[in-house]
Amino acid sequence: MEKIVIIGGVAAGATAAAKARRLSADAKITILEAGPDISFANCGLPYYIGGDIKNRSKLILQSPESFYEQYQVDVYVNTKAIELDRQNKIVYAVNTVTGEKMAFDYTKLILAQGGKPIAPPIPGAEQDHVFQLWTLEDMDKIHSFIENKKPKTAVVVGGGFIGLEMTEALVKRGIKVSVVEMMPHVMSIMEAEIAGFIQQEMLSYGVNILTGKAVSEIGKNSVTLKDGIKVDADMVLLSIGVRPTLQLAQEAGLAIGDAGGLLVDSTLKTSDDNIYAAGDMIEFEHRVLGKKVRIPLAGPANRQGRIAAENALGKKHEYKGPIGTSIVRVFDAVAGITGLSLKAARSVGFNADAIVVHKEHHTSYYPGSELVTVLIVYDKDTGLILGGQTAGYAGADRRLDVLATAVASKLTVYDLADIDFAYSPPLGTANDAINMAAFVAENRISGYSPSLTVSEIDDFLNGKDALWIDVRDVFAFEKSHVEGAVNVPLEMIATVLNRIPKDQLILIYDQTGKKGHQAVRTFIGAGFTNVYNISGGFESLSRYIRAINPINFQINLPSPEVKKIGEKNTEDKKNVATEEIKKEQSNEPLIVDVRTEEEFEYGAFPGAINIPLDELEYRIDELGNKDRKIILYCASGARSAYAVQILRAYGFTNLENGGGLTRMMARLRNK
């Protein structure tokens, strides 16, 4: 009879035990868990503190009793393994509550001891108002402190996953939060523009972000940074990383790898043929990077637990390795990463490039459409997808899963360009953001549309004199733009071609990259040889600036929108056309903007009144005499052309289609 002893519960250990029982009805299976809980939802801890999860009991997935009833597995909690006798196959343990010593013999051993939060040697870290979050007990202490002490300020040290999730939780508890992060931006594993999206959301909710900073001391009511800055802190959360639990393995002489984790082969077997390991304590070769890494994530840990159990019972299931897919939601903003970043890809020798697109997560005409960001890292020589990142308020998770599948399956950008994704107006677009990202990558690879990601611009501009051209409308330009850029809306590009030297270095951007591509093609078609589109446009530029202070270009951004927990950030809008239309005859033409109220409020032709196209027929009487001169316009000229037809049908005789807003604004320049 097989005797399977598993050291550690939660994700890898509990999963290994359940899988082992399904594979063998008669094996004796034992779990030794050093803590008080065998299986709990550790990923859910911040959401209980923040109030999203109301019942603590929801986080308790199994007890020793329920685990035995369901799987006939003996579970010993508060039982710490203290010695491993590999020669005689015995684990010695002690009950940390009673002091009782025990011995467990095994035929196969599975180590799933996970990791523990790194406890930095910061003076003052031992105080009662300083916390880490890893277990239910940690969660209870934090929750109790907030309930009883009513802290008004908090410092979160570390801008990774747990740090940011806890930032949201503390804000939801009414606490003013400051985040201190040593790296240049939070979520340092992500590209700066993706992290910038998250940072902008945090700023909107009043979070104070201190990047490139380190803590030197924790006081009673404040934290002192190494540059001398003091930050108010009635409580402190330390969240700077996880270290694998390796003492037992090291003392038993098991091999430790270069990445600092327990070394295993493709079957998750350690250097001992009778010992397997899974979860946060192991290191394994990254499927794309080709180097050993430690990736402490619940998904890989669960899958590794299954595989370790299979192989411990005689199967031959090889683990292919992690690709590092992870995602975070901070307030309403979501961002994720899979595979390699551009920097990581280039650091290991890939001839890599990247592109970014921002596209509606479902059709723009269906209510609730939000931009979703897709960033793809690929090999220029083969088109192979090396990694990707996504961000947005809706749809980012779905696109990240597609990119993870592409990385794991070794798909190319050409494959992604041709995939049929599910489409219905409330759910997607005819060409999904993934398709569009692949198209843009194809265009950059072929040279059809030369481009630069925002992370490349600073180095690219060293020693160069570039002309920045902003092809957005004048209203967007006036709100914020790259310092020194000239505003030439796309529709007016043809009017400036003969004024610029053909070899001038030109960097073009629009709002999201699409019109920038059109502008680049216009310049190339006119014989220009040194012109680039900024991938992702001003959307990417502004997010990058939120995270990084570049040297070779600057943008003065407006303050982020102010948001509050539990409030929808919408304003009451009213149509003021009725108040402004003068029905009496006038020598001046009546200018009617037939765009939506939202578009009109964004920016409009001076003196124009707004009657959306959908309201035009039942507001005909507001236009006055039918022989009055009326100029109608919209965003592009399409809706205003339709409006002209409607008014003609009602007998209006002096009508002009003014075209798009850009054409209308050009009238002012030409006066």
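We find the CD1-CG distance between Ile194 and Leu375 to be 5.5 Å, quoted to the nearest 0.5 Å. The CG atom of Leu403 sits 7.0 Å away from the CG atom of Leu416 when rounded to the nearest 0.5 Å. Distance check, rounded to the nearest 0.5 Å: CD1 of Ile534 to OG1 of Thr453 gives 8.5 Å. Here CE of Met665 is found 10.0 Å from CG of Asn487. Values are rounded to the nearest 0.5 Å. Distance NZ/Lys380 to OH/Tyr378: 7.5 Å, rounded to 0.5 Å. Thr390 contributes atom OG1, which lies 4.5 Å from atom CG of Leu400 (distance to the nearest 0.5 angstrom).
The two residues Thr382 and Thr412 have their closest heavy-atom pair at O-CG2, 3.8 Å. Here the closest non-hydrogen pair linking His361 and Gly368 is CE1-O, 3.4 Å. A pairwise comparison of heavy atoms in Val531 and Pro450 identifies O-CB, 3.6 Å as the closest pair. Of all heavy-atom pairs between Ala344 and Ser341, the closest is N-OG, 3.1 Å. Looking at every heavy atom in both residues, Glu191 comes nearest to Gln389 through N-OE1, 2.8 Å. Here the closest non-hydrogen pair linking Met187 and Ala195 is O-CB, 4.2 Å.
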Fill in: Working for side chain to side chain donor-acceptor pair (under 3.5 Å), residues Glu193 and Ser540
CA-CA 6 Å; Glu193 66 177 284; Ser540 288; 2.5 Å; yes
Practice prompt. Test side-chain contact (heavy atoms from CB on, under 4.5 Å) on Val330 and Val207 and set out the steps.
Written response: CA-CA 11 Å; Val330 185; Val207 176; over 6 Å; no
Worksheet item: Please walk me through it: do Tyr633 and Asp593 pass side chain to side chain donor-acceptor pair (under 3.5 Å)?
Response: CA-CA 5 Å; Tyr633 77 90; Asp593 185 323; 2.7 Å; yes
Discussion item. Run the side chain to side chain donor-acceptor pair (under 3.5 Å) test on Asn610 and Glu597 for me, step by step, so that the C-alpha distance in whole Å, both residues' side-chain angles and the decisive distance to 0.1 Å come before the verdict.
Written reply: CA-CA 7 Å; Asn610 180 220; Glu597 293 178 18; over 6 Å; no
Discussion item. Using the rule given for side-chain contact (heavy atoms from CB on, under 4.5 Å), can you reason through Ile548 versus Val454, listing the C-alpha separation, both sets of side-chain angles and the distance that settles it, and then say yes or no?
Written reply: CA-CA 10 Å; Ile548 296 288; Val454 292; over 6 Å; no
Item to complete: Applying side-chain contact (heavy atoms from CB on, under 4.5 Å), run through Tyr532 and Ile457 and close with a yes or a no.
Response: CA-CA 10 Å; Tyr532 296 85; Ile457 296 173; over 6 Å; no
Discussion item. Determine whether Asn435 and Thr429 satisfy the following criterion, side-chain contact (heavy atoms from CB on, under 4.5 Å), listing intermediate values before the conclusion.
Written reply: CA-CA 10 Å; Asn435 295 125; Thr429 57; over 6 Å; no
Item to complete: Given side chain to side chain donor-acceptor pair (under 3.5 Å), test Tyr47 with Glu168 step by step and report yes or no.
Response: CA-CA 9 Å; Tyr47 302 106; Glu168 176 184 344; 5.7 Å; no
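Residues Leu497 and Phe528 are in side-chain contact: their nearest non-hydrogen atoms beyond the backbone lie under 4.5 Å apart. Taking 4.5 Å as the limit, some side-chain heavy atom of Leu647 sits within range of a side-chain heavy atom of Leu616. Taking 4.5 Å as the limit, every side-chain heavy atom of Thr512 sits out of range of all side-chain heavy atoms of Lys359. Glu599 places none of its side-chain heavy atoms less than 4.5 Å from the side chain of Leu661. Under the 4.5 Å side-chain criterion, counting only non-hydrogen atoms from C-beta, Glu622 is not in contact with Ile609. A heavy-atom distance below 4.5 Å is found between the side chains of Phe538 and Ile555. Within the 4.5 Å cutoff, side-chain heavy atoms of Leu541 are placed close to those of Val482. Side-chain contact between Ser326 and Ile189 is present, with heavy atoms from C-beta onward closer than 4.5 Å.
Under a cut-off of 6.0 angstrom, the local environment of CD1 in Ile551 is sparse, with at most 12 non-hydrogen atoms contributed by other residues, nucleotides or ligands. Heavy-atom contacts from other residues, nucleotides or ligands closer than 6.0 Å to NZ of Lys176 number more than 12. Counting non-hydrogen atoms of neighbouring residues, nucleotides and ligands closer than 6.0 angstrom, the NZ atom of Lys343 reaches no more than 12 such neighbours. Within a 6.0 Å sphere centred on CG of Asn654, other residues, nucleotides and ligands contribute more than 12 heavy atoms. Counting non-hydrogen atoms of other residues, nucleotides and ligands closer than 6.0 Å to NZ of Lys410 gives a total of 12 or fewer. In this structure, Asn498 places its CG atom where more than 12 heavy-atom neighbours from other residues, nucleotides or ligands lie under 6.0 Å away. Environment of CZ in Phe460: crowded, with over 12 heavy atoms of neighbouring residues, nucleotides or ligands closer than 6.0 Å.
Checked by atom type and distance alone, the side chain of Arg663 pairs as donor or acceptor with a backbone atom of Glu491 at under 3.5 Å. Put simply, the side chain of Lys626 gets close to the backbone of Tyr650: a donor and an acceptor are under 3.5 Å apart. Counting only distance, with no hydrogens or angles, the side chain of Ser204 and the backbone of Glu561 share a donor-acceptor pair below 3.5 Å. In this structure, the side chain of Glu370 does not engage the main chain of Gly392 through any donor-acceptor pair within 3.5 Å. Between the side chain of Thr522 and the main chain of Gln518, a donor-acceptor pair closer than 3.5 Å is present. Proximity of a side-chain donor or acceptor of Glu483 to a complementary backbone N or O of Gln554 within less than 3.5 Å is not detected. Looking only at distances, no side-chain donor or acceptor of Gln200 sits under 3.5 Å from a matching main-chain atom of Arg543. Put simply, the side chain of Ser409 never gets that close to the backbone of Ala406: no donor and acceptor are under 3.5 Å apart. Listed for the Asn552 side chain is a donor-acceptor partner under 3.5 Å among the backbone atoms of Asp458.
Checked against Val520 for a side chain to side chain contact (heavy atoms under 4.5 Å, CB included), the options Ile493, Ile506, Asn533 give a single hit: Asn533.
Salt-bridge annotation for Asp52 and Lys172: present, with a side-chain N of the basic residue lying under 4.0 Å from a carboxylate O of the acidic one. For Arg346 and Asp353, the salt-bridge test passes: some basic side-chain N is under 4.0 Å from an acidic carboxylate O.
Ring planes of His362 and Tyr366: perpendicular class, angle over 60° (limits at 30 and 60°). Between Phe553 and Trp468, the ring planes are tilted. Angles from 30° to 60° get that label. Taking the six-membered ring for Trp and thresholds of 30 and 60 degrees, Tyr448 and His517 have ring planes inclined between 30 and 60 degrees apart.
For the residue pair Ser535/Arg444, the side-chain donor-acceptor check at 3.5 Å is not satisfied. At a cut-off of 3.5 Å, with distance as the only test, no side-chain donor of Thr653 or Asp627 sits close to an acceptor on the other residue.
For Tyr393 and Phe197, the distance between ring centers is under 6.0 angstrom.
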